[in-house]
Amino acid sequence: MAPRKRHLKLATFNVNGIASRLPHLLEWLAHEAPDIVALQELKATDAAFPAAAIEAAGYGAIWHGQSSWNGVAILARDAIPVENRRGLPGDPTDTQSRYLEAAAHGIVVGALYLPNGNPQPGPKFDYKLRWMARLAKHARTLVDLPHPVVLLGDFNVIPDDIDVYDPKAWRKDALIQPEVREAYAALLAQGWTDALREVFGDEVVYTFWDYFRQHAERDRGLRIDHILLNPVLAGGLQEVGVDRWVRLQDKASDHAPTWARVAVPVAGKSR
DNA sequence: ATGTCCTCCTAAGGAGGA
């Protein structure tokens, strides 16, 4: 008998303020029914997280908030994520809420909001590079696990020139600097599969459009929200997508929900 | 160089971040 599999939709969405984006989030959850969701830029304290509304929508959640900035969460449809860790190891003085890790639906989920790093050069860029080094060190402990692992979120990295509408316009930006691209490439080289690039091949796909000059309407965007699969999970990659309709709504976040559909063996039924 | 949107602080716009 063939091993039984089930399909899971894994998504990441930088909401740019959970308080102002809650209606969009709930509409998107109802419409697309992702199984696992990583949220970034909650811009809210733990107490202000709208757990009741999200639970009413059918999702269990864990979150790591912070006043004004940052803030990440993991949602699971009809399940409560089991938390593994909050915060990346390697710097006890780092107080920014940017990493949360949990198990849900049989998958290890590392949800991250990588530092923007602008202006560059400067202390914020240095922090970005240090954070990426810490991420790589931790990711190394996850990639070869015998379980499915996904590392997803707003990476604030433009991996290649195809991932930005105008590389020259962004050449001084932290998201495109050679050190940042090299750090991202080195992370992938551990054995992670960049799900969107894997499926899109040499086709352009964006996940973020800034608020200036009607860039969303004109489709002048960046690909900076990424979904990385370890080898166990990459074998089941089926389909990817970006829900651009969410970005084109009124009062939208500057990011669109980005997702990958994967097939995973049902626990205990396959070998 | 510019533009736009979100949050906080605290009562009206300004600062800081992206």
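Below, read A as the first sequence line, B as the second, and so on, with proteins coming before strands; counting in each chain starts at 1.
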S.K.: Please figure out whether A/K172 or A/D254 has its closest DNA chain B nucleotide nearer the 5' end.
M.R.: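 Whichever sits nearer the 5' end wins; that is A/K172.
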S.K.: Quickly work out the A/Q249 CD to B/dT4 P distance and round it to whole Å.
M.R.: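 It works out to 21 Å between those atoms.
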S.K.: Can you tell me how far C1' of B/dT4 sits from CG of A/L248, to the nearest Å?
M.R.: 16 Å
S.K.: Between A/R21 and B/dC5, is there a contact of a side-chain N or O with OP1 or OP2 at under 4.0 Å?
M.R.: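 Checking A/R21 against B/dC5: no side-chain N or O falls below 4.0 Å of OP1 or OP2.
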S.K.: Among B/dC6, B/dA18, B/dC8, which nucleotide has an atom closest to any side-chain atom of A/S68?
M.R.: B/dC8
S.K.: Rounded to the nearest Å, what distance is computed from the CG atom of residue A/N116 to the C1' atom of nucleotide B/dC5?
M.R.: 15 Å
S.K.: Going by number, which of residues 208-215 of chain A have a non-hydrogen atom under 4.0 Å from DNA chain B?
M.R.: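 The stretch gives A/Y211, A/F212, A/R213 as the residues lying under 4.0 Å from the strand, ordered by number.
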S.K.: If you take the centroid of each ring, where Trp contributes its six-membered ring, are A/H226 and A/Y184 closer together than 6.0 Å?
M.R.: yes
S.K.: B/dA1 and B/dC5: how far apart are their P atoms, nearest whole angstrom?
M.R.: 22 Å
S.K.: Please state the P separation for the pair B/dG3 and B/dG14 - nearest whole angstrom.
M.R.: 15 Å
S.K.: Under 4.0 Å between a side-chain nitrogen and a carboxylate oxygen: does that hold for A/D194 and A/R223?
M.R.: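 Counted as a salt bridge, because a side-chain N and a carboxylate O are separated by less than 4.0 Å.
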S.K.: Less than 4.0 Å between a side-chain N and a carboxylate O, is that true for A/D35 and A/K9?
M.R.: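 No, A/K9 and A/D35 are not salt-bridged.
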S.K.: Within the 4.5 Å heavy-atom criterion, are A/W131 and A/L112 side-chain neighbours or not?
M.R.: yes
S.K.: Mind checking the P distance from B/dT2 to B/dT7? Whole angstroms is fine.
M.R.: 25 Å
S.K.: Could you list the residues that satisfy ring-ring contact (aromatic ring centres under 6.0 Å, His included) with A/Y113, not counting sequence neighbours?
M.R.: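 A/Y113 satisfies ring-ring contact (aromatic ring centres under 6.0 Å, His included) with no residue once adjacent residues are dropped.
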S.K.: Quickly work out the A/D166 CG to B/dA1 C1' distance and round it to whole Å.
M.R.: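 Between C1' of B/dA1 and CG of A/D166: 15 Å.
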S.K.: Whole-Å distance between B/dG3 P and A/R220 CZ?
M.R.: 17 Å
S.K.: Atom CG of A/D173 and atom C1' of B/dG3: how far apart are they, to the nearest Å?
M.R.: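 My rounded result for the distance is 15 Å.
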S.K.: If you restrict it to nitrogen or oxygen atoms, what contacts under 3.5 Å exist between nucleotides 11-16 of chain B and the protein, and what is each distance?
M.R.:
none

S.K.: What orientation do A/H215 and A/Y165 show, parallel under 30°, tilted 30 to 60°, or perpendicular over 60°?
M.R.: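 Answer is tilted, since the angle falls between 30° and 60°.
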S.K.: Between A/R220 and A/D210, is there a side-chain N and carboxylate O pair less than 4.0 Å apart?
M.R.: no
S.K.: For atom P, what is the distance between B/dC6 and B/dT10, given to the nearest Å?
M.R.: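 Going atom to atom, P in each nucleotide, I get 22 Å.
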S.K.: Between A/D225 and A/T258, is there a side-chain donor-acceptor contact under 3.5 Å, judged purely by atom types and distance?
M.R.: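 On atom types as modelled, these side chains do not qualify, holding no pair under 3.5 Å.
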S.K.: Please determine if A/R134 and A/D94 form a salt bridge, counting it only when a charged side-chain N lies under 4.0 Å from a carboxylate O.
M.R.: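 Yes, A/R134 and A/D94 are salt-bridged.
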S.K.: How many whole angstroms separate atom CD of A/Q40 from atom C1' of B/dA18?
M.R.: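 So the two atoms are 14 Å apart, to the nearest Å.
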S.K.: Specify the separation, in whole Å, of atom CD of A/E41 and atom P of B/dT7.
M.R.: 10 Å
S.K.: Under a plain distance cut-off of 3.5 Å, with no hydrogens placed, do A/N16 and A/Y211 share a side-chain donor-acceptor pair?
M.R.: yes
S.K.: If the condition is ring-ring contact (aromatic ring centres under 6.0 Å, His included), which residues does A/H147 pass it with, not counting sequence neighbours?
M.R.: none
S.K.: On DNA chain B, nearest-nucleotide positions of A/T45 versus A/Q96: which is more 5'?
M.R.: A/T45
S.K.: Listed by chain and number, what are the side chain to side chain donor-acceptor pair (under 3.5 Å) partners of A/N14, not counting sequence neighbours?
M.R.: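 For A/N14 the side chain to side chain donor-acceptor pair (under 3.5 Å) partners, ignoring immediate neighbours, are A/E41, A/D154, A/H255.
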S.K.: Name the stems that DNA chain B belongs to, where each is three or more consecutive Watson-Crick or G-U pairs with both distances under 3.5 Å?
M.R.: B:4-9 with B:13-18
